[in-house]
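One structure below.
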Protein chains: 2
Amino acid sequence: MLTIFARCRVHYDGRAKSELGSGDRVILVKPDGAFLVHQSKKREPVNWQPPGSFVTVEVREGLVVLRSVRRKPKEILEVELEEVYLASLFNAEDYEELALTGSEAEMAEMIFRNPELIEPGFKPLFREKQIGHGIVDILGKDGRGNLVVLELKRRKADLHAVSQLKRYVEALEREHGKVRGILVAPSLTSGAKKLLEKEGLEFRKVEPPKKEKLGRGRQKTLF
Amino acid sequence: MLTIFARCRVHYDGRAKSELGSGDRVILVKPDGAFLVHQSKKREPVNWQPPGSFVTVEVREGLVVLRSVRRKPKEILEVELEEVYLASLFNAEDYEELALTGSEAEMAEMIFRNPELIEPGFKPLFREKQIGHGIVDILGKDGRGNLVVLELKRRKADLHAVSQLKRYVEALEREHGKVRGILVAPSLTSGAKKLLEKEGLEFRKVEPPKKEKLGRGRQKTLF
DNA sequence: CCATGGATCTCGACG
DNA sequence: CGTCGAGGTCCATGG
């Protein structure tokens, strides 16, 4: 990894186009082609290039210019180095992957193992099931044999989540009869609650589970 | 800005929970409280804390531990430094803001200045208009006096965009009569096209404009 | 390659 | 502060 502290200008053209005037930034170039330009504020880089991009260095009018090019979509990022304060190369050895818990995927596993979290008699049948217009989180049946669609959210559900659920319910109702739609989340925004009620959809309060023992991130390759 | 190259372990608990075993990473701590841990791959930090978090340093069992705490939601990030290869402090002076063109906001401006991009006789009336369930990009009327909702996307529109548009149309049709919904984007995904047609919604191909002369980012405060 | 949807999304705007 | 939606979103997963 190459890290540079420098006063620089940045030019980007691709999906959009941007200019950034002269100022001090941290530049990070990763071996996979990822390229980051960070100002002294915010979590997000002010400019960047994703992994798979290719870096070159050239001198233009006495200035060193870093140029990162991405194919498909065609994007070009150029950093004019006006004054380099420090440049360092870091050969990072890292064989570890992040192990994370509390995801929506774990909510789904929990519901499959414990369907009464939704309601007594609920039977989950499919996971990530492709239907007419989209991919349903969980498709199952209730105690009376009605088709039930679950839309899971690991955090507070908003209007978008309700629209998503409604789209699935309507797609399924074209082939089957009445279909129940249940939004499963820790909570709802005020607007989501209003729309949910108006559309005749349901809500179950469920928190994403946090495992105590976190496996290695590699575990995911075992499935 | 503080930058550290180190072999470290990372522990996070908050909205989710994660563990990252020992390996070499770049750690970036910004004066606004943003805290980033980067592995040698990907554009995204493997662990982070957003701006507004507070960093402390402590020594635990002979190891230096960086601890970043966020209030609301309560989140804790801890980095155990096992071996520090380099640590540097960079006093970055930067008064420039990014000037970006090609955004959805600029698509909207273009349509207000040039409504026939949608169709002859179209009259845009409101921008970012709050309606029953959400906020409409552009609300206007067509040549025959019908209410028209535009949903703009700066890139290829997907199923999600169609659901959004449909939600707006249905909310408006509760009060007014027939309402036309038009998705305005450079292109559509296959699934979006199918759903759009089934729902009786329309599509107009429009590319986000790229300005030639980019103003300072500050310009946005003038509106 | 495209399509789909999650994310510790982040970020800005508005009420 | 919560709600809402954009984003050069990035990213993994399937077809």
Side-chain angles (χ1 to χ4, degrees), chain A residues 12-18 34 41-51 70 72-77 98 100-105 107-108 128 130-131 133-137 151-161 163-164 167-168 187-194 208 210 220 223, chain B residues 12-18 34 41-51 53 70 72-77 98 100-105 107-108 128 130 133-137 151-161 163-164 167-168 187-194 208 210 220 223:
Chain A
Y12 156 75
D13 198 353
R15 287 168 291 177
K17 187 171 190 278
S18 74
K41 292 176 181 177
K42 304 293 170 204
R43 201 212 74 145
E44 292 301 304
V46 63
N47 280 112
W48 71 91
Q49 206 67 288
R70 177 193 196 185
K72 194 63 182 193
K74 179 77 169 182
E75 298 194 288
I76 299 175
L77 182 66
L98 188 73
L100 185 138
T101 183
S103 63
E104 186 192 286
M107 281 182 74
E128 298 289 323
Q130 175 107 38
I131 59 165
H133 298 284
I135 304 165
V136 151
D137 277 342
E151 174 58 34
L152 312 185
K153 290 295 165 196
R154 66 168 305 286
R155 57 172 184 170
K156 184 183 283 197
D158 58 11
L159 282 176
H160 272 98
S163 290
Q164 204 179 339
R167 164 156 50 94
Y168 301 147
S187 60
L188 286 176
T189 66
S190 50
K193 185 164 186 289
K194 263 183 38 184
K210 285 188 192 175
K220 67 180 173 190
F223 293 97
Chain B
Y12 157 73
D13 197 355
R15 289 168 289 178
K17 187 170 191 279
S18 74
K41 292 178 181 175
K42 305 292 169 203
R43 201 211 74 147
E44 292 301 303
V46 63
N47 281 112
W48 70 91
Q49 205 68 287
S53 309
R70 177 192 197 185
K72 194 65 181 183
K74 179 76 169 184
E75 297 194 288
I76 299 175
L77 182 66
L98 188 74
L100 184 137
T101 184
S103 64
E104 185 191 287
M107 281 181 75
E128 298 289 322
Q130 174 107 38
H133 299 285
I135 303 164
V136 151
D137 278 341
E151 174 58 34
L152 312 185
K153 291 294 164 197
R154 67 168 305 286
R155 58 173 185 170
K156 182 182 284 199
D158 57 11
L159 281 175
H160 188 167
S163 290
Q164 204 179 338
R167 164 156 49 93
Y168 302 147
S187 59
L188 285 176
T189 65
S190 50
K193 185 164 185 290
K194 263 182 40 184
K210 285 188 193 175
K220 65 181 172 186
F223 292 97

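Since we're looking at a predicted model, the values are computed, not measured. What you see below is based on every heavy atom in this structure, not just the backbone, and it leaves out hydrogens, waters and symmetry mates. Below, chain A is the first sequence line, B the second, and so on; all start at residue 1.
Nucleic acid contact for B:Arg154: sugar-phosphate only, since backbone atoms but no base atoms lie under 4.0 Å from a heavy atom of the residue. Here A:Gln164 lies in heavy-atom contact (under 4.0 Å) with sugar-phosphate atoms only. No contact: B:Arg70 has no heavy atom under 4.0 Å from any strand. The residue B:Pro51 sits close only to the backbone: its heavy atoms come under 4.0 Å of sugar-phosphate atoms, none of a base. B:Gly134 comes within 4.0 angstrom of sugar-phosphate atoms only, judged by non-hydrogen atoms across all strands, and of no base. Residue B:Asp13 is classed as having no contact, given no heavy-atom separation below 4.0 Å to the nucleic acid. Residue contacts shown for A:Gln49 include a base, since a base heavy atom lies under 4.0 Å away. Looking at heavy-atom distances under 4.0 Å, B:Gly14 makes no contact with the nucleic acid at all. Counting non-hydrogen atoms under 4.0 angstrom, A:Glu44 reaches the backbone sugars and phosphates but no base. Within the nucleic acid shown, A:Ser18 has no heavy atom closer than 4.0 Å to any nucleic acid atom. Using a 4.0 Å heavy-atom distance criterion, A:Lys17 is classed as making no nucleic acid contact.
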Quiz prompt | Residue pair A:Ser18, A:Asn47: steps toward the side chain to side chain contact (heavy atoms under 4.5 Å, CB included) verdict | solution = CA-CA 9 Å; A:Ser18 74; A:Asn47 280 112; 3.1 Å; yes
Quiz item: Yes or no on side chain to side chain contact (heavy atoms under 4.5 Å, CB included) for A:Arg154 and B:Arg15, after CA distance, side-chain angles and deciding distance?
Solution: CA-CA 9 Å; A:Arg154 66 168 305 286; B:Arg15 289 168 289 178; 4.2 Å; yes
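Summarising the geometry, the separation between CG on A:Leu98 and P on C:dT8 is reported as 8 Å, rounded to the nearest angstrom. Remark: C1' of D:dC11 and NZ of B:Lys41 are 15 Å apart, rounded to the nearest angstrom. Regarding B:Lys42, its NZ atom lies at a distance of 15 Å from the C1' atom of C:dA7, rounded to whole Å. Regarding B:Glu151, its CD atom lies at a distance of 10 Å from the P atom of D:dG7, rounded to whole Å. A straight line from CE of A:Met107 to C1' of C:dT8 spans 15 Å, rounded to a whole angstrom. In this structure, A:Ile131 places its CD1 atom 12 Å from P of C:dT4, rounding to the nearest Å. For A:His160 and C:dG6, the NE2 to C1' distance is 13 Å, given to the nearest whole Å. As rounded to whole Å, 14 Å separates atom C1' of D:dT3 from atom NE2 of B:His133.
Residues passing the side-chain hydrogen bond (donor to acceptor under 3.5 Å, both in side chains) test with A:Lys41: none are found, sequence neighbours excluded. Every residue meeting the side chain to side chain contact (heavy atoms under 4.5 Å, CB included) condition with B:Ala161, not counting sequence neighbours, appears here in chain and number order: B:Lys153, B:Ala157, B:Asp158, B:Leu183.
For C:dT8, neither phosphate oxygen OP1 nor OP2 lies less than 4.0 angstrom from any side-chain nitrogen or oxygen of A:Lys210. Contact check, B:Arg155 against C:dC2: no side-chain N or O comes under 4.0 Å of OP1 or OP2. Between D:dA6 and B:Lys153, a contact under 4.0 Å exists linking OP1 or OP2 to a side-chain N or O. Proximity of A:Tyr168 to the phosphate of C:dG5: a side-chain N or O atom is located under 4.0 Å from OP1 or OP2. Taking 4.0 angstrom as the limit, B:Lys193 places none of its side-chain polar atoms (N or O) nearer than this to OP1 or OP2 of C:dA3. Note on B:Arg15: a side-chain N or O is less than 4.0 Å away from OP1 or OP2 of C:dT10. Contact check, B:Lys74 against C:dT8: no side-chain N or O comes under 4.0 Å of OP1 or OP2. Checking the phosphate oxygens (OP1, OP2) of C:dC9, no side-chain nitrogen or oxygen of B:Trp48 falls inside 4.0 Å. Not one side-chain nitrogen or oxygen of A:Lys156 sits closer than 4.0 Å to the OP1 or OP2 atom of D:dG2. The phosphate of D:dG2 (OP1 or OP2) has no side-chain N or O of A:Thr189 nearer than 4.0 angstrom.
Residue A:Asn47 places a side-chain atom within donor-acceptor reach of the base of D:dG8, judged by atom type and a 3.5 Å distance cut-off alone. Residue-to-nucleotide contacts include a donor-acceptor pair under 3.5 Å from the side chain of A:Glu75 to the base of D:dG8.
The two residues B:Lys156 and B:Leu188 come nearest to each other via the heavy atoms CG-C, 3.7 Å.
The existence of a salt bridge linking B:Lys210 and A:Asp13 is confirmed by a sub-4.0 Å separation between a basic side-chain nitrogen and an acidic carboxylate oxygen. Between B:Glu44 and A:Arg43 there is a salt bridge, since a side-chain N of the basic residue sits under 4.0 Å from a carboxylate O of the acidic one.
To the nearest whole angstrom, the two P atoms, one in D:dG8 and one in C:dT4, are 22 Å apart. For C:dT8 and D:dG5, the P atoms lie 22 Å apart once the distance is rounded to whole Å.
Taking the side chain of A:Arg43 as heavy atoms from C-beta on, and the options C:dG5, D:dG7, C:dC11, the nearest nucleotide is C:dC11. Each of C:dT4, D:dG7, C:dT8 was ranked by its minimum atom distance to the side chain of B:Glu104; first place goes to D:dG7. For B:Ala16, the listed nucleotide lying nearest its side chain is C:dT8; candidates were C:dT8, D:dG5, D:dG8.
Side-chain N or O atoms of A:Tyr168 include none that pairs as donor or acceptor with a backbone N or O of A:Gly134 at under 3.5 Å.
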